[in-house]
Amino acid sequence: MDMNIQKYMAFVKTVEYGSFTRAAEIMNYSQSGISRMINDLEKEWKIILLERGKSGVKLTSDGMKLLPYAKNVCMEYEKLQMEVDELNGLQSGLIRIGTFSSVATHWLPNIIRNFQQVYLGIDYELLLGDYTEIEEWILDGRVDCGFLRLPTRPEFETYFLEQDRLLAILPENHPLANLEKIPVTALCAEPFMLLEKGAKAEVSEIFEHCNLTPKIHFTTWDDYAIMSMVESGLGISILPELILKRVPYRIIAKELDVPAYRKIGIALRSKKNASLALKRFLDYLQYR
């Protein structure tokens, strides 16, 4: 790769991740190597791009003006590489994926393992976040595609993958644990641990649909924090079935008396403009 392109990428990635260390991990360089590339850019351009501090790096006003142009150069280079890959056949490539915890834990390892049996030269970059963050990453081009709850933004191309049940989560010795199905009304009688993955409030929607208000004592997007608190007897909750596979916590999952689901899909800006590697990956996801 042309060294100037590497420098531009180092600049863009350092801004995206807020640190030389994280950018170095993503680009497979040393921290000093990333820092040196940006120093070289600053010397070549005779301007300061970044303010360095203990809490990380921050764009200067000059850096802010130049960042969009550096991003465009990097994106055009990626398009060039895509065309080369198309001409040579799919021998290599990088797929950047935004995902949330349950998909990252229970789907992606098997998906990537099976996909690699056919396409050995593909590398992957995974970013873990909530629904809102993943949508923003897709819009900004920080990831090529993202697993999301559907429906999502109308400007995305989306592909439905699977329906995931939402289940009531109780401590093992809870009085409701012997019921076949848990009434949603019963979940409002004691402290509730609320799972919210960004602005997409799938658990809250269950209560809103039933015109009920739970006693929310704790809110987080971390599924495992919820499980730990329920196990400790701090309250009860509702979680997606997918995250409840192979959990180490002493908790019980039960169906709700009002069936609830989330639709999981994959989203991207445009399959037409996607790399060959990403197109093959999407095809595999749809027909696996």
Side-chain angles (χ1 to χ4, degrees), residues 13 16-17 21-28 85 90-138 142-150 152 156-167 169 195 197-198 200 202 220-228 230-231 237-251 253 261-268 271 274-288:
K13 292 296 182 185
E16 281 184 2
Y17 291 98
T21 302
R22 190 75 182 99
E25 291 173 359
I26 294 300
M27 293 184 65
N28 292 317
D85 288 342
L90 186 56
Q91 301 298 323
S92 63
L94 172 67
I95 303 174
R96 302 170 301 165
I97 305 168
T99 182
F100 47 92
S101 55
S102 54
V103 167
T105 303
H106 299 296
W107 278 9
L108 275 176
N110 287 332
I111 287 171
I112 291 174
R113 183 191 63 200
N114 294 333
F115 188 68
Q116 278 187 327
Q117 291 176 3
V118 181
Y119 302 106
L120 294 174
I122 305 299
D123 294 322
Y124 306 86
E125 179 183 323
L126 303 182
L127 270 68
L128 193 67
D130 62 35
Y131 301 141
T132 305
E133 289 173 321
I134 296 168
E135 287 178 339
E136 292 298 328
W137 294 338
I138 296 171
R142 191 171 173 185
V143 297
D144 303 309
C145 63
F147 289 91
L148 287 169
R149 175 199 175 198
L150 302 181
T152 180
F156 291 161
E157 284 188 33
T158 59
Y159 302 90
F160 170 75
L161 299 176
E162 194 164 312
Q163 190 162 265
D164 189 21
R165 287 192 305 173
L166 300 174
L167 303 175
I169 308 303
L195 179 73
K197 290 188 177 291
K200 306 292 185 179
E202 58 200 16
T220 180
W221 72 276
D222 188 328
D223 317 80
Y224 294 101
I226 295 258
M227 290 183 231
S228 180
V230 170
E231 179 188 52
S237 189
I238 295 174
L239 290 178
E241 187 173 18
L242 182 59
I243 198 61
L244 296 169
K245 296 180 178 180
R246 303 197 311 270
V247 295
Y249 301 96
R250 295 186 304 275
I251 56 176
Y261 304 87
R262 65 172 175 176
K263 293 181 178 180
I264 299 175
I266 191 91
L268 71 162
K271 186 175 181 180
S275 68
L276 182 58
L278 180 55
K279 287 176 180 176
R280 295 291 180 270
F281 184 70
L282 293 172
D283 291 341
Y284 171 75
L285 283 176
Q286 287 179 267
Y287 301 110
R288 75 189 195 284

Problem - Nearest-0.5 Å distance, OH of residue Y124 to CD of residue Q116 - result: 4.5 Å
Completion exercise
On a heavy-atom basis, the closest approach of I266 and C145 is CD1-SG, 3.9 Å
Exercise for the section: Please lay out, stage by stage, how M227 and I243 fare under the test side chain to side chain contact (heavy atoms under 4.5 Å, CB included). Expected result: CA-CA 10 Å; M227 290 183 231; I243 198 61; 3.8 Å; yes
Handout entry: Trace of the side chain to side chain contact (heavy atoms under 4.5 Å, CB included) decision for L148 with I138
Key = CA-CA 11 Å; L148 287 169; I138 296 171; 4.1 Å; yes
Practice task
For the residue pair L244 and I169, establish whether any side-chain heavy-atom pair is separated by less than 4.5 Å.
Solution key: yes
Problem - Heavy-atom donor-acceptor pair, E231 side chain to R250 backbone, under 3.5 Å - result: yes
Handout entry: CA sep, side-chain torsions, deciding dist, call: E157, K271, salt bridge (charged side-chain N to carboxylate O under 4.0 Å, His left out)
Key = CA-CA 7 Å; E157 284 188 33; K271 186 175 181 180; over 6 Å; no
Problem - Any side-chain heavy-atom pair of I122 and R280 under 4.5 Å - result: no
Exercise for the section: Write down the atom of F100, the atom of R149, and the distance for their closest heavy-atom approach. Expected result: CE2-N, 4.5 Å
Exercise for the section: Locate the shortest heavy-atom distance separating A104 from P109; write the atom from each residue and the value. Expected result: O-CD, 3.3 Å
Completion exercise
For F147 and L108, the nearest pair of non-hydrogen atoms, with its separation, is CE1-CD2, 3.7 Å
Practice task
Determine, stepwise, if the pair F281 / I97 fulfils side chain to side chain contact (heavy atoms under 4.5 Å, CB included).
Solution key: CA-CA 11 Å; F281 184 70; I97 305 168; 3.9 Å; yes
Problem - Considering all heavy atoms, the nearest S237-V230 contact - result: CB-CG2, 4.0 Å
Completion exercise
To the nearest 0.5 Å, atom CG of L195 lies from atom CG of D223 at 5.0 Å
Exercise for the section: First locate atom CZ of R262, then atom CD of E241, and finally report the distance between them rounded to the nearest 0.5 Å. Expected result: 10.5 Å
Problem - 4.5 Å side-chain heavy-atom contact, L282 and L268 - result: yes
Problem - Rounded distance [0.5 Å steps], CD1 in I95 versus CD in E125 - result: 11.5 Å
Practice task
Specify the closest pair of heavy atoms between F156 and A267, including all atoms of both residues, with the distance to one decimal.
Solution key: CD1-CB, 4.1 Å
Practice task
Measure up the F115 and Y284 rings against each other and bin them: parallel (under 30°), tilted (30 to 60°), perpendicular (over 60°).
Solution key: tilted
Exercise for the section: Nearest 0.5 Å please: distance from the CG atom of D164 over to the CG atom of L167. Expected result: 8.0 Å
Exercise for the section: Please check if the side chain of D123 supplies one atom and the backbone of L94 the other of a donor-acceptor pair under 3.5 Å. Expected result: no
Practice task
Dump the intermediate steps for side chain to side chain donor-acceptor pair (under 3.5 Å) on E25 and Y17, then the final yes or no.
Solution key: CA-CA 10 Å; E25 291 173 359; Y17 291 98; over 6 Å; no
Completion exercise
CH2 (W107) and CD1 (I264) are apart, to the nearest 0.5 Å, by 4.0 Å
